[in-house]
Every structure is written in C-alpha cells, then in structure tokens.
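What's counted below: heavy atoms across the whole structure, side chains too, no hydrogens, waters or symmetry copies. Everything quoted here is computed from the prediction, not taken from an experiment.
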Amino acid sequence: MSLPHTAPARAAASVEPAGPASVTRLLQAIADVGRDAGRGGYSRPVFSTPEMDLRAWFIEQAGRRGLDVHTDANGIIWAWWDTATGVRKDAVATGSHLDSVPGGGAYDGPLGVASALAAVDLLKARNFRPRRPLALTVFPEEEGSRFGVACLGSRLLTGQLNPDKARKLRDPEGNTYADVAAANGQDPRLIGADYTALQQLGMFVELHVEQGRGLVDINRPVAIGSSILGHGRWKLSITGEGNHAGTTLMKDRRDPMVAAAKVMVSIRDTARKYRDARATVGRLQPVPGGTNVIASRVDLWIDVRHPEDPVTAALVEAIGLNARVLAAEEGCTASLGTESLSPTVHFDGGLRDRLREFLPGAPVLDTGAGHDAGVLAAHLPTAMLFVRNPTGISHSPDELVEDGDAEAGARALADCLAGLLGEAVTPG
Ligand code: GLV
Ligand code: MN
Ligand code: MN
C-alpha cells in the first residue's frame, strides 16, 4: 500500500543551520509556496503544484532527520522515528495538513507540520530515546477545497469515506479525484480503509493554529483541545430558466440568482434562531454564469455547525424547507443534498488529562473548526494543541501566529511527545 521515497521531486530549497530548527525558520522556507496574488494569502489545493512542492519539502525535511518516509495509497505521508526494535505498534502520531482553503493563511495546517518537525529536533537535542515509535503525518485535502469532502485522506484511511465515492469526486474543473491522483503518482485503485496502518497507532496529537480568540482573550500562548463542533456541508441547487438579460421582461423571469439571494438571507436568519449555530454560504456558482445571462441554475454550498447533532439536522431541514418555498416564489425549484457530515467530537478524556500533566496550567478550549484529529477520534485516542492567533482570524490572509508563540507551541508539543513516547509499549 505504500510508495517509498528516494529523492523528493521538488523540494523547496533551503539551507538551514545545524541544531533544532525553529518553527519560524521552517515556515519561512515555504513562505513563497502557493502565494495567491489575486486573493491574497495562499491557495494550496490538494495535488496542485504548491501542495506537491510542500509535500516534497516535508519529505526532504523528514529525510534530513533520519525519519523513514513513505506516502501511502491514500496520499497520507508518514515519517517514522522508530525505536530500536523497529516494531510499529502503539505509536504516537502527530502532524496536520499542507493544503489550504482558497486565499488562506500561512498557518492553518503548516504550523502543525512544522511544529512536528521542530519537536523532533527538540527531542533529539535533549538526547531523548523514544520507547514507542513516533509517526509524523501529513494528511491530504483536509480543507476539502478541491474535491468538496473535508479530511478526505483521514476519512479514506479510517473507512469513513467509500473509495468508489472518492474516486468519482470532481474538482471545480470537472477532473475526478481518480484522474488527479493518478496524474500525481498515486494509484487510485488502492485508496480506502487501511486498518494495518491504523493498528500501528496508539494515539494522535494534532497541533493547530487557533482559529478564534480563545487564547487571545485569556492571554495564553497554548491550549489543549477539548472538542470539535459538529459540522457538515450541503449542496443546494436552485433551478430556474436560463434566458437573455435584455429581452426577458422582469415579470417573465424565473431567475435562480434572485431565489438564491433570498435563500441566503433566510439561511442567516434561520441559523440565528438556534443558539450556538453557524451557517455559511461561502461558495455560489451560477450556471452558465454570464453578465448578460439569466442563470438557468445556481449551486450553492452551505456549511452548517452546531454542538448538538440533532440540532444541526433540524437546522438543515429548516433551511431546505425555506429554500423550496423561496425558490417557488421565483418560479424555481430547489434540491438539497448532503456532501459530508462530521458529528461533534469530544477528545479522549484520558489523553487530554495526560497532556494537562505535561503542560501544567494549560487552558482547555473547544473549537468550531474541523480537523483530521476529529476524524481519527472515532478510531483511537486523539488530542489537539492550539497556538494563539492574535488576530483571531483564520481561513483568511489575516491569520497570524507570533514567532514566540510558534516556538512555545513546538516546545509544548515536544513536552507532550516526550511524556507519551517515554512510556513503554504495552506487550502483546
Ligand atoms: C476546516 O478548517 C474547517 O473547519 O472546515
Ligand atoms: Mn482550515
Ligand atoms: Mn486546518
């Protein structure tokens, strides 16, 4: 199931001084990869040139540290620091993702990957010898920005996403996941649940930039994660009648763009009726999409989140009902389909308590953002560390981490890993 690496194809060039790498220096080495001049920030969709360059950079960095690196059939990169026995069992895994949303920030994903590399350096500088193996991981398509399903790599790994469905997913240009994966050196016939890989893992800890103001408000650099808000994605298609913008009288129109505008306001108003709910339309696509064309159809993608899964379901049902009524007012029809659904996740209490021992006094925070740690949580104990983001903004070029906080995050991760890796592997 895995492709060993010899030499990275397109590693970003960097000359680094000896000794532990700082997170800041690691991130500086990739600071020019995938910059988006149009949107600002970074656009690093899975399997794009920037994302592949970042993968090559990670593979090269892991190789420099003597880690045993391979990319599995699901496109997940694994970099192993083995014990003397070479047995891969009860491993501690840590890592994040390198893909981004369109026009995203520099830290969402790469901070966790760079911190994992820096934590290995810190442990080596302490002459630490792990008693159980460590796996650094990079998960593809965490954002779902290209193929629509967030955490695609970890969902495939854990069997939460049907491989046939995954192969047929299409990007906005109409390319299938199977074709794009094949063009990037993966065999799409081999994607799917990998219980052998999962069974090697004892736990997963993901470090991530905080995507809100929790740490800013309490003036602390690092927190331990407690839960992830349940969330999902739905596609709403509103169908009307395509026609000419100049010759079609206003009274004769069945314009799905007008219906979509009403529906978006109603989504906002409906979500406001549910405490703690979030509902967002971040992407809307008129078909065919021309200034002098009344659209024949509008597709819009709705992201809905709430701590209680039944409330999410009720909210989505209300959104669908309202959409049908509002579409009908404009002579249109509406249909709603689920693209992905992730229930609310409470991280493993035992592992969280261990992290609290290693990071005395660290605050515990929940998050409204999705992560591969949330997908893995159904299969093994998982935990998260969050690093302060002074702007509190994420999925935007304004996302920020101060250098000192980035290093504090890597030290916190190294301290947690030292504690977890210092324990003997359970026999058997
Ligand atoms: C990913 O960051 C998400 O929360 O959708
Ligand atoms: Mn994100
Ligand atoms: Mn992320």
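With sequence neighbours excluded, the residues satisfying salt bridge (charged side-chain N to carboxylate O under 4.0 Å, His left out) with R55 are E51.
Y177 and F47 have tilted rings, their planes meeting at an angle from 30° to 60° on a 0 to 90° scale. Classification of the H371-F386 ring pair by plane angle, with boundaries at 30° and 60°, yields tilted.
Defined by atom type and a distance below 3.5 Å, a donor-acceptor pair is present between the side-chain atoms of H379 and Q160. Side-chain contact check for S43 and R39: at least one donor-acceptor pair (N or O, by modelled atom type) lies under 3.5 Å. Of the N and O atoms on the side chains of D179 and N175, not one donor lies less than 3.5 Å from an acceptor on the other residue. Side-chain atoms of H208 and D108 include a donor-acceptor pair closer than 3.5 Å. A side-chain donor from one of W234 and T338 sits under 3.5 Å from a side-chain acceptor of the other.
Taking the six-membered ring where the residue is Trp, the centroids of Y42 and Y107 are separated by 6.0 Å or more.
Counting heavy atoms from C-beta on, the side chains of F147 and V180 come closer than 4.5 Å. The shortest side-chain heavy-atom distance between V265 and R268 falls under the 4.5 Å cut-off.
The distance from the CG atom of L27 to the OG atom of S115 is 7.0 Å, given to the nearest 0.5 Å.
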Atom pairs and distances, donor-acceptor, side-chain atoms in residues 272-283, under 3.5 Å, two or more places apart:
residue, atom, partner, partner atom, Å
R278, NE, D276, O, 3.4

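Judged by distance alone, with hydrogens and angles left aside, the side-chain atoms of N389 form a donor-acceptor pair with the main-chain N or O of I393 at under 3.5 Å. T382 places a side-chain N or O within donor-acceptor distance of the main-chain N or O of A373, the cut-off being under 3.5 Å. A donor-acceptor distance shorter than 3.5 angstrom exists from the side chain of R65 to the backbone of Q61, with no hydrogens or angles considered.
R189 CZ: 12 or fewer foreign heavy atoms inside a 6.0 Å radius. Other residues, nucleotides and ligands place more than 12 heavy atoms under 6.0 Å from the CZ atom of R167.
Paired with I59 under the rule side-chain contact (heavy atoms from CB on, under 4.5 Å), one option of L67, I77, L54 passes, and it is I77.
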